[in-house]
Amino acid sequence: MDDDLGTLPQKGDFSAWYNDILWRAEIMDVRYPVKGLYVWYPYGFAIRKHVYARLRTLLDRDHEETLFPLLIPEQEFMKEAEHIKGFEDEVYWVTHGGTTPLDVKLALRPTSETAIYPMYALWLRSHADLPMKYYQIVNTFRYETKQTRPLIRLREITSFMESHTVHATWDEAEAQVEYELALSREFYDGLCIPIIISKRPDWDKFPGADYTMAIDAIMPNGKTLQIGTVHHLGEHFSKTFSITFEDKNGEQKLGSQTCYGISERCIAALISMHGDDKGLILPPVTAPVQAVIVPITIGKRHEDVLAAAEKLKNDLTAAGFRVKIDTRDMRPGAKYYWWELRGVPLRLELGPRDLDAGKVMAVKRTGEKTQIELATVTDEVTRVLGEITAAIHTRAEEHTQSHLCTVASLDTLVAALNEGKVAVVSWCQHKGCGDVIEEKTNASILGTNARSQYVSATDSVCIVCGKPGKATLVGRTY
RNA sequence: GGGGUAGUAGGGUAGCCUGGUCCAUCCUAGAGCGUUUGGGACGCUUUGACGGCGGUUCGAAUCCGCCCUACCCCA
């Protein structure tokens with residue numbers, strides 16, 4: 001049993017594990033014949049559905065959902081100079097309608113600022129319209145030249161949540177940035193994914209932003225994955241697109257804006273953070289199947305057991321759980337492995353022995369078997385799923401904590417990175433010293449103002465020049 | 001950005017230089033039948049492929065051209 005765990009590579013070989021699990025667990029099919037475009041299998045899409053339902057619920061507290069067109073006319077796209085510079089090499093252009101060349105080329109949105117903001121200019125009239133907080137969940141296209149990777153580096157981002165807000169003042173927009181960071185923290189907390197927040201260095205901020213706050217997670221191999229960004233756009237775009245309002249004194253003022261994005265990388269993080277050598281481990285809130293019932297049907301008791309399993313399923317479904325019953329003609333062991341690969345949090349084994357005892361065997365995907373009473377099964381399942389969530393959470397926090405450290409010199413920084421860690425150092429924020437750090441370590445400066453509950457981040461002197469510096473995250477990135 | 005290697009069934013490979021129907025082969029792959037079922041069962045039968053388009057040829061997985069895709073290395 002322990003000498004052959006199938007052909008899923010060990011999680012220690014993270015890259016191979018990741019690629020393999022995507023198709024074995026039926027999340028993404030990479031065989032679509034266009035580079036950088038991948039197909040969601042129904043099971044993967046079901047995970048996406050639950051994850052994005054959570055995201056929508058959080059956003060809907062304070063934002064409204066909208067939908068803007070995919071195509072952006074060239075002249076709008078080309079309005080904001082910095083923005084163009086950031087994206088022009090990655091834009092797909094629609095140049096023809098049928099066989100007729102178009103007078104105005106149309107960009108497939110790489111992000112939607114230039115689609116949304118001309119409309120915001122029309123919608124915004126008065127200070128009473130503020131703040132405006134809208135979001136959409138859409139696909140976007142970027143002609144990536146680097147190696148593409150399912151869910152991580154795509155030419156079609158299929159699940160891009162972008163929120164765009166307008167405020168009366170820069171300070172209010174800043175408060176919105178903080179609000180959205182808090183919202184992200186809550187979102188990722190629900191997925192049991194520990195995050196680190198930092199302020200990206202100037203050279204790495206969103207094209208057209210005053211500043212960019214980024215959300216990173218530490219993958220199993222110690223590389224960081226950016227899984228969210230919140231940008232303070234200031235007045236860059238409102239100037240360009242004339243997003244103005246009449247204030248209380250009757251004066252025309254520019255709005256101050258933010259935008260905020262989360263993509264299917266959140267699902268890459270979900271898969272990577274929690275999975276193990278046997279496959280996926282899904283936190284119950286994200287699991288398409290929260291509990292699977294495996295009836296153990298032997299000989300004559302076949303009908304009894306099946307009937308009991310049906311009843312169990314109906315009881316749990318009525319209580320709001322997502323439950324499947326596996327009656328396939330396979331050996332129980334084979335079913336166990338099959339569902340474990342797919343990350344189902346809880347397995348309920350029901351056989352003649354259990355039936356006689358009025359119990360059911362509950363096996364957590366995180367390990368550990370317990371017998372629970374059939375009489376109180378819905379309460380028990382609630383409790384056990386809660387324990388599973390807690391276990392997943394704790395494990396992820398331990399991983400993150402153990403991959404973070406604070407160092408005070410270049411040499412110790414290099415050593416820490418080579419151990420697969422992400423480090424906090426002090427840096428003066430000058431490009432020159434930043435270049436030294438990145439070259440010496442072959443890593444990236446993720447950002448300053450590092451915020452994490454998993455490592456202390458206090459400002460000290462720059463590890464390169466010795467001048468006053470800020471707590472800065474350095475790591476190898478995806 | 002520069003260079004290299006490759007694409008054969010669900011997955012993994014051989015065959016290619018030296019064209020000859022290719023019965024190619026392995027698997028935890030598919031279909032069917034039967035026996036099974038408390039941690040990956042087994043037997044029998046069977047299906048299925050040469051990345052795409054075009055060319056050369058009596059004949060192409062094999063040779064030529066273009067395209068697509070993937071992987072690796074270097075900057």
Side-chain angles (χ1 to χ4, degrees), chain A residues 1-10 13-39 41-44 88-90 92 142-156 276-281 292-309 312 325-344 346-372 374 435 438-439 442-444 478:
Chain A
M1 152 184 170
D2 54 5
D3 55 2
D4 180 18
L5 290 168
T7 45
L8 181 67
Q10 302 271 295
D13 184 2
F14 175 64
S15 191
W17 179 90
Y18 181 78
N19 288 334
D20 233 56
I21 203 161
L22 286 179
W23 71 266
R24 275 181 198 283
E26 296 180 304
I27 298 162
M28 303 299 293
D29 196 328
V30 302
R31 292 173 298 179
Y32 192 77
V34 178
K35 180 183 168 66
L37 275 54
Y38 306 97
V39 181
Y41 279 111
Y43 189 72
E88 65 185 349
D89 291 338
E90 301 188 350
Y92 280 95
R142 297 179 187 178
Y143 186 74
E144 291 286 351
T145 51
K146 292 193 179 146
Q147 190 186 323
T148 53
R149 235 178 244 280
L151 300 177
I152 292 178
R153 191 177 299 280
L154 307 150
R155 285 186 169 176
E156 180 187 8
D276 66 10
D277 289 346
K278 287 182 173 177
L280 291 183
I281 297 180
V292 62
I293 301 165
V294 180
I296 310 295
T297 56
I298 313 170
K300 303 182 246 184
R301 302 293 298 278
H302 194 93
E303 297 303 325
D304 288 354
V305 170
L306 272 186
L312 178 58
I325 175 163
D326 188 348
T327 54
R328 290 176 298 172
D329 182 23
M330 290 163 67
R331 314 208 30 131
K335 293 181 184 176
Y336 301 165
Y337 283 101
W338 201 88
W339 291 104
E340 281 166 358
L341 175 66
R342 284 161 181 76
V344 173
L346 182 63
R347 179 174 76 241
L348 298 171
E349 303 173 16
L350 188 65
R353 293 205 294 265
D354 307 290
L355 218 50
D356 293 339
K359 296 185 176 182
V360 62
M361 182 64 80
V363 185
K364 300 180 190 175
R365 179 62 179 82
T366 45
E368 206 186 335
K369 288 188 176 188
T370 49
Q371 276 205 319
I372 61 182
L374 275 172
D435 287 345
E438 293 196 335
E439 277 165 32
N442 192 27
S444 304
Y478 263 103

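Labels below follow one simple rule: chain letters A, B, ... track the order of the sequence lines, proteins then strands, and each chain is numbered from 1.
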[N] phosphate, OP1 or OP2: any side-chain N/O from [X] under 4.0 angstrom?
| X | N | result |
| --- | --- | --- |
| A:Lys335 | B:G40 | no |
| A:Arg331 | B:A41 | yes |
| A:Gln147 | B:A70 | no |

Ignoring the backbone of [X], work out which of [options] is nearest its side chain.
| X | options | result |
| --- | --- | --- |
| A:Arg31 | B:G39, B:G11, B:G38 | B:G11 |
| A:Thr148 | B:A70, B:G39, B:G11 | B:A70 |
| A:Asp329 | B:G40, B:U36, B:A70 | B:U36 |
| A:Lys35 | B:G40, B:G38, B:U69 | B:U69 |
| A:Ala334 | B:G38, B:G1, B:G40 | B:G40 |
| A:Arg353 | B:C71, B:G39, B:G38 | B:G38 |

(message) Measuring from atom CD1 of A:Ile281 to atom CZ of A:Arg342, what distance do you get when rounded to the nearest 0.5 angstrom?
(response) 15.0 Å
(request) Starting at CD of A:Glu90, measure out to CZ of A:Arg155 and round the result to the nearest 0.5 Å. (result) 10.0 Å
(request) Answer yes or no: is there a side-chain heavy-atom contact under 4.5 Å between A:Arg365 and A:Arg347? (result) no
(message) Looking at B:G39 and A:Tyr336: do their rings stack (centroid distance under 5.5 Å, interplanar angle under 30°)?
(response) no
(message) For A:Tyr143, I'd like to know if atom OH has over 12 heavy atoms of other residues, nucleotides or ligands within 6.0 Å.
(response) no
Specify the separation, in whole Å, of atom [atom1] of [X] and atom [atom2] of [N].
| X | N | atom1 | atom2 | value |
| --- | --- | --- | --- | --- |
| A:Met330 | B:A29 | CE | P | 10 Å |
| A:His302 | B:U35 | NE2 | P | 13 Å |
| A:Tyr337 | B:U37 | OH | P | 19 Å |
| A:Leu306 | B:G38 | CG | P | 15 Å |
| A:Arg149 | B:C71 | CZ | C1' | 12 Å |
| A:Glu26 | B:G11 | CD | P | 13 Å |
| A:Leu37 | B:C68 | CG | C1' | 14 Å |
| A:Arg347 | B:G39 | CZ | C1' | 8 Å |

Please state the [atom1] separation for the pair [N] and [M] - nearest whole angstrom.
| N | M | atom1 | result |
| --- | --- | --- | --- |
| B:U5 | B:C42 | C1' | 42 Å |
| B:G51 | B:G38 | C1' | 47 Å |
| B:U62 | B:U46 | C1' | 29 Å |
| B:A31 | B:C72 | P | 33 Å |
| B:A29 | B:A41 | P | 10 Å |
| B:C23 | B:A49 | P | 14 Å |
| B:U36 | B:A9 | P | 37 Å |
| B:C17 | B:G3 | P | 27 Å |

Base-pairing mate for [N] - Watson-Crick or G-U, with both contacts under 3.5 Å:
| N | answer |
| --- | --- |
| B:A70 | B:U5 |
| B:A60 | none |
| B:C16 | none |
| B:C33 | B:G43 |

(message) Categorize A:Arg328 for me: base, sugar-phosphate, or nothing, with a 4.0 angstrom heavy-atom threshold over every strand shown.
(response) nothing
(message) Can a donor-acceptor pair be found, under 3.5 Å and without considering hydrogens, that links the side chain of A:Asp354 to the backbone of A:Gly351?
(response) yes
(message) Has A:Asp276 got a side-chain atom pairing as donor or acceptor with A:Gly279's backbone, closer than 3.5 angstrom?
(response) yes
(request) Inspect the contact between A:Arg328 and A:Asp326 and indicate whether a charged nitrogen and a carboxylate oxygen are less than 4.0 angstrom apart. (result) yes
(message) Quiz question: going by heavy-atom distance under 3.5 Å, is there a donor-acceptor pair between the base of B:G10 and the side chain of A:Arg24?
(response) no
(request) Give a yes or no on whether a donor-acceptor pair under 3.5 Å exists between the nucleobase atoms of B:G40, that is its base, and the side chain of A:Glu340. (result) no
(message) If you assign each of A:Val34 and A:Asp354 to its closest nucleotide in RNA chain B, which residue comes earlier from the 5' end?
(response) A:Asp354
(message) Is the ring pair A:Trp17/A:Phe14 parallel, tilted or perpendicular, if the boundaries are 30 and 60 degrees?
(response) parallel
